[in-house]
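All remarks here apply to the structure that follows.
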Amino acid sequence: MPNNLMSTPEHELFRETVRKFVEDELRPRAREFDEAGRFDKTLYKKMGDLGMLGLRYEPEYGGAGLDWSFSAVMFEEIGRCDNAGVAMGISVHTDMATPSLAEFGTPELKAQYLAPSIAGDMVSAIAVTEPDAGSDVAGVKTRAVRDGDDWVINGSKIYITNAATADWLCLLAVTDPDAGYGGYSQIVVPTDVPGFRYDLLDKIGNRGSDTGQLFFEDVRVPVANTIGDIGRGFQQQMMQFQDERLVACVQAMAQAEDVWEETRRWAEERILFGKPLSKMQNTQFKMVEMKTKIAAAKALTRDCVQKRVDGEDATELITMAKLYCGRVIREVADECIQLHGGYGYMRESSAGRAFVDSRLISIGGGTDETMMQYLAKQLGF
Ligand SMILES: Cc1cc2nc3c(=O)[nH]c(=O)nc-3n(C[C@H](O)[C@H](O)[C@H](O)COP(=O)(O)OP(=O)(O)OC[C@H]3O[C@@H](n4cnc5c(N)ncnc54)[C@H](O)[C@@H]3O)c2cc1C
């Protein structure tokens, strides 16, 4: 019985489109992308043509003007692509780097960067984390100093997904060091400007998308590239994190279901002591326990999606879901690799990839501890 997050006839029609794309273009190449350490950029154009890259964005810029429920459907399917790194690269573009531009950008900036991003002609990245500022977002030091009509940017960012693929960055920079939380701005930085470069990083997992360190040396971009008001960057980024975290939950649970199904197939085929692994009570209990945890995490995720659809503040619930889904996928991936025995430890095994890839959910987009710190405050501690 499928336990889809959303399933009206319209959702199912759209689901079919995404599923076909995943089956035709992503799943067969899951291992190839892992080996290459990056995703095939030309597939963004195909996704753009299928209308997958601007689901919630305004039709004026090529978007579909839909609500969050369709994003949930899309990432529920993309999460089953057998490569969490690929899923992450795509979601960084659609839901982590572009939401602020869509919501706060000027019409000119949206025409220049959002429209081609929705069409799949440009790919974006979100550049927040720095070598000395990850969980402590307010500790970022990358500086944008105004010089006439330009920003001059100096600094460095680290662990940035799509570093080598991106055509532009949604950069969080300090624009007024004396203004506290009013001293940050989000700025669109094209990656073909003089003074910008990146170094790729070698990750243990999530290898289907590239990740790098970015360097800015007197990079000049127009002040008109500021997203929203100058000085509102920190607040806008906190809002943008909500989409990032909810997409991570949707993808993680899709991956959990995918690796669970793969493990069931494996357990039915693997014969030991004269009978299938699936006939052992330990296997059945583990499978049931995993399924229960996934169902609970999906129910929480579904509540978050509904709140977003209803236009309610979902921050607290999304924070809980990010914490919980991160833990559930880690537990599921761990049990699945165990049930595979030695084969699970091979790089070609989906369970093995899920094991290393899923570890990221409790770190990226804010760690478990950051989620708990926020929730403790909300709960009055
Ligand atoms: C593969 C990958 C892709 C990424 N992609 C991007 C991207 O595209 N863009 C981007 O901007 N960033 C990206 N990140 C960065 C990610 O968001 C950060 O790694 C994360 O926020 C944690 O920051 P940090 O690495 O500096 O860890 P730190 O902040 O140094 O944390 C170290 C430890 O301290 C803990 N800690 C933090 N606060 C507290 C507290 N209050 N109490 C107790 N313990 C605490 C943390 O939970 C962690 O366990 C990516 C990271 C990875 C690994």
Side-chain angles (χ1 to χ4, degrees), residues 33-34 37-39 83-100 123-142 155-174 184 186-187 189 191 198-216 227 233-234 236-245 247-248 251-252 255 319 322-323 326-327 329-330 353-379 381:
F33 297 140
D34 234 52
R38 65 164 66 178
F39 176 53
N83 190 317
V86 167
M88 180 158 163
I90 297 169
S91 60
V92 160
H93 175 61
T94 57
D95 285 85
M96 303 182 191
T98 44
S100 283
V123 176
S124 54
I126 172 72
V128 175
T129 307
E130 298 187 358
D132 295 319
S135 304
D136 179 14
V137 176
V140 301
K141 296 273 183 299
T142 294
S156 169
K157 299 283 176 181
I158 199 163
Y159 313 132
I160 305 305
T161 305
N162 292 344
T165 308
D167 299 289
W168 64 271
L169 314 167
C170 174
L171 175 83
L172 185 68
V174 177
Y184 306 83
Q186 286 182 312
I187 301 169
V189 179
T191 54
Y198 65 83
D199 282 344
L200 283 177
L201 298 166
D202 192 13
K203 306 191 294 284
I204 60 166
N206 246 51
R207 296 178 70 88
S209 48
D210 54 275
T211 305
Q213 181 164 8
L214 315 181
F215 302 91
F216 305 85
I227 299 172
F234 188 85
Q236 290 173 191
Q237 183 51 44
M238 288 300 133
M239 289 164 78
Q240 192 164 242
F241 273 141
Q242 300 312 312
D243 286 332
E244 169 164 352
R245 290 171 187 163
V247 165
Q251 282 178 348
Q255 189 192 15
T319 310
K322 167 76 165 53
L323 175 65
R327 294 190 167 185
I329 181 68
R330 280 161 64 182
R353 270 206 309 278
F355 180 73
V356 279
D357 289 357
S358 66
R359 192 61 185 81
L360 181 62
I361 302 289
S362 292
I363 297 172
T367 63
D368 282 4
E369 289 72 21
T370 300
M371 299 305 108
M372 288 190 281
Q373 190 188 17
Y374 172 82
L375 289 168
K377 207 167 158 191
Q378 287 301 106
L379 295 171
F381 288 103

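Keep in mind it's a predicted model, so treat the numbers as computed, not measured. Count residues from 1 along the sequence. All values below were derived from every heavy atom in this structure, side-chain atoms included, with hydrogens, water molecules and symmetry-related copies excluded. Atoms within a ligand are numbered from 1 in the order they appear, just like the ligands themselves.
Although no hydrogens or angles enter the test, the distance criterion places no donor-acceptor pair under 3.5 Å between the side chain of Q255 and the main chain of I329. For S156 (side chain) and F215 (main-chain N/O), no donor-acceptor pair under 3.5 Å exists by modelled atom type. A donor-acceptor pair is defined here as one N or O able to donate and one able to accept, closer than 3.5 Å; such a pair exists between the side chain of Q240 and the backbone of M96. Checked by atom type and distance alone, the side chain of T191 pairs as donor or acceptor with a backbone atom of D167 at under 3.5 Å. No donor-acceptor pair under 3.5 Å is formed between the side chain of K141 and the backbone N or O of A133.
Protein heavy atom in closest approach to atom 7 (C) of ligand 1: Y159 O, 3.4 Å. For atom 8 (O) of ligand 1, the nearest protein heavy atom (residue, atom name, distance) is T161 N, 3.0 Å. For atom 20 (C) of ligand 1, the nearest non-hydrogen atom of the protein is I363 O, 3.5 Å.
With respect to the salt-bridge test (charged N to carboxylate O, under 4.0 angstrom), the residues K203 and D210 do not qualify.
N206 and A84 make their closest contact through OD1-CB, 3.6 Å (heavy atoms, listed as atom of the first residue, atom of the second, distance). The shortest heavy-atom contact between S100 and I227 is O-CG2, 3.5 Å.
Using modelled atom types and a 3.5 Å distance limit, the side chains of E369 and S135 yield no donor-acceptor pair.
Contact analysis leaves N206 out of contact with ligand 1, as no non-hydrogen atom separation drops below 4.0 angstrom. At least one heavy atom of G365 sits closer than 4.0 Å to an atom of ligand 1. Residue M88 places a heavy atom under 4.0 Å from ligand 1.
When distances from atom 25 (O) of ligand 1 to the protein are checked, a heavy atom turns up under 4.0 Å. Within the 4.0 Å cut-off (strictly below), a protein heavy atom is located near atom 4 (C) of ligand 1. Less than 4.0 angstrom separates atom 32 (C) of ligand 1 from none of the non-hydrogen atoms of the protein. Protein heavy atoms all stay at least 4.0 Å away from atom 42 (N) of ligand 1.
The shortest N or O to N or O distance between I126 and ligand 1 is under 3.5 Å. Checking only distances, E369 does come within under 3.5 Å of ligand 1, N or O to N or O. Inclusion of T367 in the set of residues having an N or O under 3.5 Å from an N or O of ligand 1 is warranted.
Within 6.0 Å of the CZ atom in F234, the count of heavy atoms belonging to other residues, nucleotides or ligands exceeds 12.
When the heavy-atom distances from atom 28 (P) of ligand 1 to A84, G134, S135, A125 are ranked, the shortest goes to S135. Proximity annotation for atom 16 (C) of ligand 1: of T129, D357, V128, T129 comes nearest, heavy atoms only.
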Please assess V92 against I160 for the test side-chain contact (heavy atoms from CB on, under 4.5 Å), listing each intermediate value before the final yes or no.
CA-CA 10 Å; V92 160; I160 305 305; over 6 Å; no
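At a 4.0 Å heavy-atom cut-off, ligand 1 touches L360 through the side chain alone. With a 4.0 Å cut-off on non-hydrogen atoms, M96 does not touch ligand 1 at all.
Interface of K203 with ligand 1, defined as ligand atoms under 4.0 Å from a residue heavy atom, comprises 1 (C). Those atoms of ligand 1 with a heavy atom of I160 less than 4.0 angstrom away are 7 (C), 8 (O), 9 (N), 10 (C), 11 (O). Listed by number with element, the atoms of ligand 1 under 4.0 angstrom from any heavy atom of Q373 are 41 (N).
Interatomic distance, R330 CZ to L360 CG, rounded to the nearest 0.5 Å: 11.0 Å.
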